[in-house]
Amino acid sequence: LVIRDPGALSVDVLRTIEVHADGFVAPEWSSDGTRLAYYASLGGDSDVWVQALDGEPRQLTFEGRDNMFPTWSPDDSRIAFQRELGGPRQIWTVPAAGGEPTRLTHDDDREFSHPQWSPVDPDEILVVLDHAGLAIVSASTGEYTPVTDFRTSRWLIDYPSWSHDGAKVYFSVARQVGASYLLEGF
């Protein structure tokens, strides 16, 4: 991991942090700029880690499954992430200082992924719902409210992000296209 000054026109390395993992994905800064949350692969399974810029990395999840896309609460006290335990992905939270993860969403018929905690409202976590829309999950109750629904379209929704003031949401839209083929002569 290389830290650089975002205001610089050239890339001057300010600091290099060694990350001990097979992969290092989706780093997200804490609001105070002193820590990074990310998910990393060790032997094929993904877990959530926190890296203080002046310390050693700390592993926050230990399930040996797909724990991905960490996002900080506005006060940096908790981290939300998606976890897949053999069924649809669900949203979980864990104290940023370490502790036991807690399942937040409990609808096993829906897939919740790519969480993004609101930068201004500690109770709102934006999620991708079934890759067909967006929803807001309450961090206190786990209840969710759909905010978009593109299930009848051929759109695939992904990677939401809040504006810094929490007034806007950005997300990726991909068009699902496909072709059918007929194979003969077996």
Side-chain angles (χ1 to χ4, degrees), residues 1-4 6 11 13-53 55-85 88-99 101-105 111-122 124-137 139 144 156-164 166 168-174:
L1 169 66
V2 175
I3 310 287
R4 74 171 194 87
V11 177
V13 176
L14 298 179
R15 180 146 186 243
T16 301
I17 298 171
E18 185 73 26
V19 176
H20 303 285
D22 300 335
F24 172 83
V25 184
E28 185 172 304
W29 287 103
S30 59
S31 65
D32 65 6
T34 63
R35 296 169 289 169
L36 284 171
Y38 57 93
Y39 70 93
S41 226
L42 290 169
D45 296 318
S46 298
D47 279 303
V48 174
W49 294 72
V50 169
Q51 171 72 57
L53 296 184
E56 293 295 314
R58 246 180 330 105
Q59 189 173 357
L60 291 184
T61 62
F62 298 93
E63 289 293 320
R65 300 295 285 202
D66 289 326
N67 300 296
M68 302 186 297
F69 296 102
T71 180
W72 295 90
S73 62
D75 67 358
D76 295 333
S77 67
R78 298 191 64 73
I79 293 176
F81 60 97
Q82 76 182 38
R83 174 178 277 175
E84 186 174 349
L85 292 173
R89 297 171 183 156
Q90 298 292 311
I91 303 302
W92 291 63
T93 63
V94 65
T102 304
R103 185 172 172 177
L104 185 58
T105 55
E111 180 175 271
F112 301 87
S113 62
H114 302 82
Q116 285 293 304
W117 218 309
S118 168
V120 296
D121 188 336
E124 289 189 347
I125 301 172
L126 178 68
V127 299
V128 172
L129 186 59
D130 296 325
H131 282 281
L134 299 173
I136 298 291
V137 174
Y144 67 95
L156 178 73
I157 307 304
D158 238 339
Y159 308 110
S161 180
W162 292 93
S163 60
H164 288 287
K168 297 178 185 77
V169 170
Y170 303 89
F171 57 96
S172 172
V173 176

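In what follows, residues are counted from 1 in the order of the sequence shown.
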Output yes when a side-chain donor or acceptor of [X] lies under 3.5 Å from a complementary backbone atom of [Y], and no otherwise.
{"X": "Asp158", "Y": "Ser172", "answer": "no"}
{"X": "Asn67", "Y": "Arg83", "answer": "no"}
{"X": "Thr71", "Y": "Ala80", "answer": "no"}
{"X": "Ser161", "Y": "Tyr170", "answer": "no"}
{"X": "His131", "Y": "Ile157", "answer": "yes"}
{"X": "Arg58", "Y": "Ala96", "answer": "yes"}
{"X": "Asp75", "Y": "Ser77", "answer": "yes"}

Taking the side chain as every heavy atom from C-beta outward, state whether [X] and [Y] have any atom pair closer than 4.5 Å.
{"X": "Leu36", "Y": "Trp29", "answer": "yes"}
{"X": "Leu104", "Y": "Ile125", "answer": "yes"}
{"X": "Val127", "Y": "Phe69", "answer": "no"}
{"X": "Pro115", "Y": "Gln82", "answer": "yes"}

Closest approach of [X] to [Y] (non-hydrogen atoms, all atoms of both residues):
{"X": "Pro74", "Y": "Pro119", "answer": "CB-O, 3.8 Å"}
{"X": "Leu129", "Y": "Ala135", "answer": "CD2-CB, 4.1 Å"}
{"X": "Gln116", "Y": "Pro160", "answer": "CG-O, 3.1 Å"}
{"X": "Pro101", "Y": "Thr61", "answer": "CG-CG2, 4.4 Å"}
{"X": "Phe81", "Y": "Met68", "answer": "CB-O, 3.4 Å"}
{"X": "Val120", "Y": "His164", "answer": "CG1-O, 4.3 Å"}

Q. Excluding sequence neighbours, so at least two apart, what forms side chain to side chain contact (heavy atoms under 4.5 Å, CB included) with Thr34?
A.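 With neighbours one apart ignored, the set is Ser30, Asp32.
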
Q | Between CG on residue Asp47 and CG on residue Asp66, distance to nearest 0.5 Å | A |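 CG of Asp66 is found 9.0 Å from CG of Asp47.
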
Q) Of all residues at least two apart in sequence or in a different chain, which pass the ring pair (Phe, Tyr, Trp, His ring centres under 6.0 Å) check with Phe112? A)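 Listed in chain order: Tyr144.
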
Q: Tell me, please, which residues at least two apart from Phe171 pass ring pair (Phe, Tyr, Trp, His ring centres under 6.0 Å).
A: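 Phe171: no ring pair (Phe, Tyr, Trp, His ring centres under 6.0 Å) contacts found.
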
Q: For the residue pair Trp49 and Tyr38, categorise the inter-ring angle as parallel (less than 30°), tilted (30 to 60°) or perpendicular (more than 60°).
A: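 Geometry flag for Tyr38 against Trp49: parallel rings.
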
(Q) Which residues pass the side chain to side chain donor-acceptor pair (under 3.5 Å) test with Arg35, not counting sequence neighbours? (A)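 Listed in chain order: nothing, the list is empty.
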
Q | Set of residues satisfying salt bridge (charged side-chain N to carboxylate O under 4.0 Å, His left out) with respect to Glu84, sequence neighbours excluded | A |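 Glu84 satisfies salt bridge (charged side-chain N to carboxylate O under 4.0 Å, His left out) with Arg89 only.
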
Q | salt bridge (charged side-chain N to carboxylate O under 4.0 Å, His left out) against Arg103, all qualifying residues, sequence neighbours excluded | A |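 Salt bridge (charged side-chain N to carboxylate O under 4.0 Å, His left out) list for Arg103, sorted by chain: Asp108.
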
